[in-house]
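A short worksheet on the structure shown next.
Everything quoted here is computed from the prediction, not taken from an experiment. Chain naming here is simple, since letters A, B, ... match the order of the sequence lines and numbering starts at 1 in each.
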Amino acid sequence: MAGNNNNPNKPKLRDGGRRISGRGDDELRPMSIEVGPMVRPEGSAIVNWGRNKVLAAVYGPREVFPKHLTDPHKALINARYIMAPFSGQEEHGRAGPNRRSIEVSKVIKHVFENNVLVHSFPKTTVDLMLEVLQSDGGTRVSAINAASVALVDAGIPIRDIVSAVSVGKADGKMVVDLDKDEDNWGESDMPLAFSVRTGEMLLFQMDGMLTIEELSTGIDLGFEAAKKVRAIQTDALVRKYAIPGESAQ
Amino acid sequence: MDMDKMILEQVKEEYVKELLKAGKRTDGRALDQYREISVTKGYLRNAEGSALACIGATKVLAGVKFDMLEPFADRPAEGVVMVNCEFSPAAHPGFNPGPPDENSIELARVVDRGIRSAEAVDVAALGATGSPDGKVLGVFIDLYVLDHSGNLTDCAALAAMAALKDAKVPQLKAGKIVRGSDAGRLSLRRNVVTCTFENVAGSYLLDANFEEEVASDGRLTIGVSDDGFVCAGQKSGAASITKDALLGLARATMKKSGELFAHI
Amino acid sequence: MESVDFNENGEQAPAGRVQREPGRIVLPGEMVADRPTDMEGCFVAAGRTYVGVISLLREGKVIPLKGHYLPTPGDYVVGIVTEERFSGYNIDLHSAYEGTFSTRDVREEFKVGEVISAKILDVNEVNEATLGEPRKFSGGQLLEVDFVKVPRIIGRGGSMLEMIRSYTGTDLFIGKNGRIYMRGGNTALATLAILKIDREAHVQGLTDRLKEFLEVESKRA
């Protein structure tokens, strides 16, 4: 983010009072969700959001390995977020975890520690395998949305569907669902995950420079956007699990 | 943190929570009160900048070194800032030697986020090296946790910022660093500090000590710049947070930050 | 062969009765009662009951569509011997939790890989089961379904199970953990029938469709 405004490579993020993509400030990129595309995991989902394509696979509840990490009171949540070497728009990435992906995995783990009814399954682990197949700004929030749908598909009890979105400031305006340029070159990026039912945040990270008022506006924008994300998640699940002869919702 | 969950430490959770019900902390502090803070700049001589920060018994040493390196492709005229963190096995029986774990990586990245977001370091000045091969100056900030008694993040951020303040840029000769030389202070644009709050049984405690961290359900770190912006945020741990609580803690950070800036 | 009588989510009323209200899919986080209740797959928060797993809400009942079996005392289950220890056996229960029984309680020897039936006598605080009445199966085959479908496979008062038995001549032992052991008769047809129930478990009129299916298929054989 450093020195963005002076950097000659910085693209314009707004033109004629609108985002370059033409989206409204509170408008999401097109999102679609495939529920249960994989057979081997207990549950799975692919989220397509803008050009992001993120796959989530859920295994468990199952035995903890290594065994000494076992918690006799609750299930552990283990999240592994990783970007495929071919996922970026630029050069070939390195395979395997790096510092960024380790941090992202950690905060995603915390999201679901609060969300899964972990006390129903003591001594076990629920593993979330999150593969970024294609990235376009907002991969961690895409991964969270995919993981949440995959947990439902896996029949693992959760408190609410988790709906995540990034909010940020791009060329002076607070906007939702940053695309890659807005993420890279905007003044601030704030990935958020909500339980829409309670209004609470399960993920909060922020970089860049914001006033407290902007922070407040950003969270409000994020919550409204999360409601839209939740509607898309709900719709995908209901379509997948529709039972002939019963009303959908 | 995993090492926090050592059985012996868990036993202490109970009295922390019990006292909190009466609005009291184990060491008698107010909920929004720091332990004693001290910062020693210039703690080391070989590093180009250094500082030892202490918050209560927690000690973090920051060392700054400069190196010539390739700039980022999309920012060829800018120097590079990098933050790393090492949890020394000396600091706690639960810290093991080996590659950085998720806790030390998270800590480094949160400190890095604040410094980078606020453009604390004048990266344009570090880019103007005149090096024939296009190399720029890189600032390596290495954080060594020497004694862990809670709230590593704020202590590390303080050490990092103070070490940057202490740092002297070396002279360059034909695009190479002349070690031990001094071309003046590192140019800084802003100062940054963080305030970290632990959610213990629903109360947010500033500057948690070790027992309080063990009893904590979740953590929020807010970074602020000395010109009044929020420049880093990180929720960690399982507990969720409401908008109102978060904004309240951001305001508390603004209020408290003066105390920390005074030490840099 | 014995099985437990499962009445919950019982079979549809016979044709001719009043058509019931259509159900709807409910998702985690949705409130199903404004008071604390003990419903399957649900949880209580702030004095209200919410859905925890994707379910069908029909006639005031929450019927989970997916789930993970937790050993429950009194359940008859089908297990697989996974480990022989000095003092007993570890049994996989198609669950995150294992069961065990002691060598003292049995006369015969069991081998790793053998399929058994057993009753869950007790479950400890971490869901591990103590098993009783272990009996070996042999000469048949094992089928697995999601355990939430088991009540449908059995049907009201065992009606569905009885229908499959009568058309196929197959002995069926239905473990409440979602494992079914089949022996004798037309096991291929019994398998197809159970997989059909698994797929269409909550589609109305299943009994009639299954009867028709068994009628047609058994004549073809």
Check for a donor-acceptor pair, side chain of S135(A) on one end and backbone N or O of S87(A) on the other, with a separation under 3.5 Å.
-> yes

Mutual orientation of the aromatic rings belonging to Y76(C) and F173(C) [parallel < 30°, tilted 30-60°, perpendicular > 60°] = perpendicular

Is the closest side-chain donor-acceptor distance between Y50(C) and D160(A) under 3.5 Å?
-> no

Under 4.5 Å from any heavy atom of chain C - which part of S148(A) | neither

At a heavy-atom separation under 4.5 Å, does I161(A) approach chain C through its side chain, its backbone, both, or neither?
-> both

Do D153(A) and Y241(A) have a side chain donor and acceptor closer than 3.5 Å?
-> yes

Could you tell me whether the side chains of T198(A) and S195(A) share a donor-acceptor contact shorter than 3.5 Å?
-> yes

Which atoms of L70(C) approach chain A - backbone, side chain, both or neither, heavy atom under 4.5 Å | side chain

Please state whether the side chain, the backbone, both or neither of R230(A) comes within less than 4.5 Å of a heavy atom of chain C.
-> side chain

Select, from H73(A), Q233(A), R159(A), the one with the greatest count of heavy-atom pairs under 4.5 Å involving chain C.
-> R159(A)

Side chain, backbone, both or neither: which part of E128(C) has a non-hydrogen atom closer than 4.5 Å to chain A?
-> side chain

Answer with side chain, backbone, both or neither: which region of L151(A) has an atom nearer than 4.5 Å to a non-hydrogen atom of chain C?
-> neither

Between T37(C) and T49(C), a side-chain donor and acceptor under 3.5 Å = yes

